[in-house]
Every structure is written in C-alpha cells, then in structure tokens.
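Inspection log for the structure reproduced underneath, given as structure tokens.
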Amino acid sequence: MPWRETTDPYRIWLSEIILQQTRVAQGLPYYLAFTEQYPTVFDLANAEEEQVLKLWQGLGYYSRARNLHTTAKYIANDLHGVFPASYKELLKLKGVGDYTASAIASICYDEVVPVVDGNVYRVLSRYFNISTPINSTEGIKEFKKVAIEVMEQEEPATYNQAIMEFGALQCKPQNPYCIVCPLNDSCESLQKGTVTSLPVKLKKLKVKKRYFNYLIFLVDNKHTVIRQRIGKGIWQNLYEFPLIESDNEVKLEYVEEHEILKESMSASSRNVTVYEEEFKIHKLSHQHLYTRFYIIRTNKSPKLDDSCQMIPIDKIKEYPVPVLLGNFIDSFFKV
DNA sequence: AACGCGGGGGG
DNA sequence: CCCCCAGCGTT
C-alpha cells in the first residue's frame, strides 16, 4: 500500500481520512487520484471545494471531503504547511478524531499512542474476551485503556499498522482461521468459544424510506437544470436535479400538478414522461431512496428559483453528484 | 448518549 | 438479507 512507503504527514493524513469506514480496496484509487491531483497540502488548499468533492465522488461520507479541504486550507495558510506534530494537537483538526490523530502521530512522529479502529476492537475483544459493546461510551473507554496497556513501546508505527493488519487478515470478522493463528494458545475467546460472538455491538438503526422524484429538464435538448444541496442531511454541497420529495409513491399527475413544475412553465409548452416506471432503489446505510426520474422536454427556459441553474448537458459531468445521479447521468445522457 | 452520514463487498 | 469497513461531528 502506497501510504506505507512514506511518513509525509500530508499523505498519511490524506490516506487515513480516505480509509475512515472504507475498505482499502475502495479507497486506494482515490488516494492515488488525490496525490496525483494534489501532491502537497498547498495544492489541495488552493483547490475549489467543488473540485475536491468531484474527486471524492463515489466514496461517500462527503463531510470527510469538506473537512479535508477546510483543514488543508488551515494548515497551508495558518500553519504555513507544517502539520501539528503531536496526538493532542492533531486531534484539534477538523475531521481528525481519536483514531486518525493516533495514526498520524505514531506513523509520522513515532508517538506511542494506540490506534483503536474496527480491527483493533475485534482483536482486543477476542483476545481478552471482552463483551462490552464497542460502540458504547463505556466500551470506547475500556478498549482505549486496554489498547494503551498492551501497546508495544518500541516501534509505534509498526505496531499500530501491524495490529490493524492482523485484524484485517487473521482475526477477521467472519470465519477467522483460528487453527493457524499465532495467538491461539493465549486467546481467551478461543478458549471460551466466544470468538463468533465478539465483538459485541449495539443495535442497528431503523432504515427510513424516502421517495425522490427528480425533474430532468431538457431545454431544446441541450440544457438541463441542476442545483446544489444545501443545509443538513445527505449529500451536502453535492449537486442534484430539482427534486420533489414525497412521503409515498406518487403518480405522474402529482408531479405535473406540483407547483415547482406548474410555475416553471405552462403545461402546453412541455412534455413530461417517466424515465423508468420501476423505482431505482438507492440504499444508504440508514435510508432507502425510492427514486424516479421525470423527463421534461421543452423549448422554453423554465422559471425556477435562484438556487437552480441551467447548464449545458455536456458540462454535467463537471459537477460533483451522488452515485445515484452519476449512474443516471451515465445511462440517460450517455456522456 | 444517540444519531446522521455513503457506498461497496462478502456471506 | 445481513454485517462490516484503517470514524467523526452534531445534537
């Protein structure tokens, strides 16, 4: 892995942000793209947020990209490009929490601070047979304490990366091959037969259903309308098409009668069709989006509020969009 | 202390 | 269908 070949704090920081809640296989191409496009923290700081989000497109948890950019500007402009060099100071950076601060401090500055990520929770909970839920306040404190106690003092960078890799390759979530594990003679959960039930994690959230009705304007077959998502919620600062969200499935008439469409132009000057009757169900970890796309062909410029902008269709790929819309754009516009 | 936040991959 | 992933910020 390329981030194992450097101790440049910029690259270690970048790799750790990308890898938060993200598998190495998914994050690696993004790491390569970011280091290519932005070789230094100054290059990243000088970019527009929209460009950063575009390069981040598809990786999810977009607050990571926004915080990444904010922190890059802070380090480039206020700290003159010099990263904080301790766990305590790193922790103050936006988007850098306990795990990431420990990772950077140990890998770049040889500080003896343990990383406690999903892998480490699993290894420690099994080896010491600890059933405290890893996502409870108590569990977080308990595992951090244990991690500090058992941490090797000599090579913190190697130790931290090793215990994570041990969790990823040997002490795997499913079907760990304990018979060949080098720790099997002292692993408490293996002795007690609790390996498959550890680590303990508290309840999962209920998934919410939402209905997204996207309006795809085709003005003279050359322009379309998009707007940026603002405020709270999913996909903050990414772009999307004008959206009618509803509590339930709606019919074509509902969309045609909706004020967004009614006020945009007269019914006689447009033609509304459904792209695909079948819902496109986009699954996020906490909500399912039942999505339909409505194609609105017209020769007149629609009157929409100031948050919307009309753009040439051949420029649509320059805007950061969620995967759901990226897939639609690929299949519908074929650009 | 609980919740919101993406998307992909494996069993 | 489920769970998990080199977690963090907000409420």
Side-chain angles (χ1 to χ4, degrees), chain A residues 1-4 11-31 53 56-68 70-71 90-107 114-123 125 133-141 143-144 147 157 159-169 171-176 196-208 210 229 231-238 281-289 320-327:
Chain A
M1 296 178 278
W3 49 83
R4 298 284 293 269
R11 299 201 169 212
I12 298 300
W13 166 68
L14 175 61
S15 73
E16 294 299 345
I17 302 297
I18 287 175
L19 292 175
Q20 287 167 7
Q21 292 290 282
T22 303
R23 288 169 198 281
V24 169
Q26 189 186 3
L28 178 57
Y30 287 85
Y31 175 81
L53 285 171
W56 197 271
Q57 179 175 315
L59 199 52
Y61 286 146
Y62 295 95
S63 66
R64 290 185 293 170
R66 298 190 302 269
N67 289 336
L68 185 81
T70 300
T71 295
L90 286 161
L91 202 50
K92 296 177 182 172
L93 299 175
K94 210 165 177 115
V96 175
D98 183 84
Y99 163 78
T100 305
S102 301
I104 300 171
S106 61
I107 294 171
V115 291
V116 187
D117 74 332
N119 292 305
V120 176
Y121 279 120
R122 190 167 52 253
V123 171
S125 71
I134 61 172
N135 54 347
S136 64
T137 304
E138 188 191 350
I140 292 168
K141 277 162 58 181
F143 282 98
K144 175 86 172 180
Y159 172 85
N160 275 338
Q161 300 193 64
I163 190 170
M164 288 190 285
E165 198 160 314
F166 179 75
L169 301 180
C171 199
K172 308 184 288 184
Q174 282 99 23
N175 309 318
T196 57
S197 60
L198 292 176
V200 174
K201 207 170 184 176
L202 290 177
K203 63 170 165 74
K204 53 182 173 0
L205 296 57
K206 197 169 184 301
V207 176
K208 288 178 181 156
R210 302 173 73 180
R229 279 187 81 93
K232 308 246 169 236
I234 58 174
W235 302 332
Q236 206 175 99
N237 293 13
L238 273 66
I281 306 173
H282 188 70
K283 295 179 178 180
L284 307 181
S285 52
H286 54 300
Q287 37 186 287
H288 290 179
L289 310 178
V321 297
V323 163
L324 169 66
L325 299 182
N327 290 341

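Numbered from 1 within each chain, the chains take letters A, B, ... in sequence-line order.
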Determine: side-chain N/O of Arg122(A) to OP1/OP2 of dC4(C), distance under 4.0 Å, yes or no.
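Indeed not, no polar side-chain atom of Arg122(A) lies that close.
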
Report the distance from atom [atom1] of [X] to atom [atom2] of [N], rounded to the nearest whole Å.
X	N	atom1	atom2	value
Tyr61(A)	dC4(C)	OH	P	13 Å
Glu16(A)	dC8(C)	CD	C1'	14 Å
Met1(A)	dC5(C)	CE	C1'	14 Å
Gln174(A)	dC3(C)	CD	C1'	6 Å

Assign Asp98(A) to base, sugar-phosphate, or nothing according to its heavy-atom contacts below 4.0 angstrom with the strands shown.
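Counting heavy atoms under 4.0 Å across all strands, the contact made by Asp98(A) is with sugar-phosphate only.
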
With a 4.0 Å cut-off on heavy atoms, is Gly167(A) in touch with a base, just the backbone sugar-phosphate, or nothing at all?
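Nothing, no nucleic acid heavy atom in range.
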
No-H, no-angle donor-acceptor pair, [X] side chain to [N] base, under 3.5 Å:
X	N	value
Thr100(A)	dG7(C)	no
Thr22(A)	dG6(B)	yes
Arg23(A)	dC4(C)	yes

Take atom [atom1] in [N] and the same atom in [M], then report the distance between them in whole Å.
N	M	atom1	answer
dC5(B)	dA6(C)	P	23 Å
dC8(C)	dG9(B)	C1'	23 Å
dG8(B)	dG9(C)	P	24 Å

Between dG9(C), dG7(B), dA6(C), spot the one nearest the side chain of Asn119(A), thanks.
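Shortest atom-to-atom distance from the side chain points to dA6(C).
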
Out of dC5(C), dA1(B), dG7(B), which has the shortest distance to the side chain of Pro322(A)?
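Selected nucleotide (nearest to the side chain): dG7(B).
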
So what's dG6(B) paired with, Watson-Crick or G-U wobble, going by both distances under 3.5 Å?
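Paired with no nucleotide.
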
Answer with yes or no after comparing the ring centroid distance for Tyr62(A) and Trp235(A) against a 6.0 Å cut-off, counting only values under it.
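Ring centres of Trp235(A) and Tyr62(A) not closer than 6.0 Å.
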
For Gln20(A) and Thr100(A), which I'm curious about, is there any donor-acceptor pair between the side chains at under 3.5 Å?
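Yes, Thr100(A) and Gln20(A) have a side-chain donor paired with an acceptor closer than 3.5 Å.
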
Any His282(A) side-chain heavy atom under 4.5 Å of Val323(A) side chain:
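Yes; the side chains approach each other to less than 4.5 Å.
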
When you match Lys232(A) and Val24(A) each to their closest nucleotide on DNA chain C, which lands nearer the 5' end?
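Its nearest nucleotide lies further toward 5', so the answer is Val24(A).
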
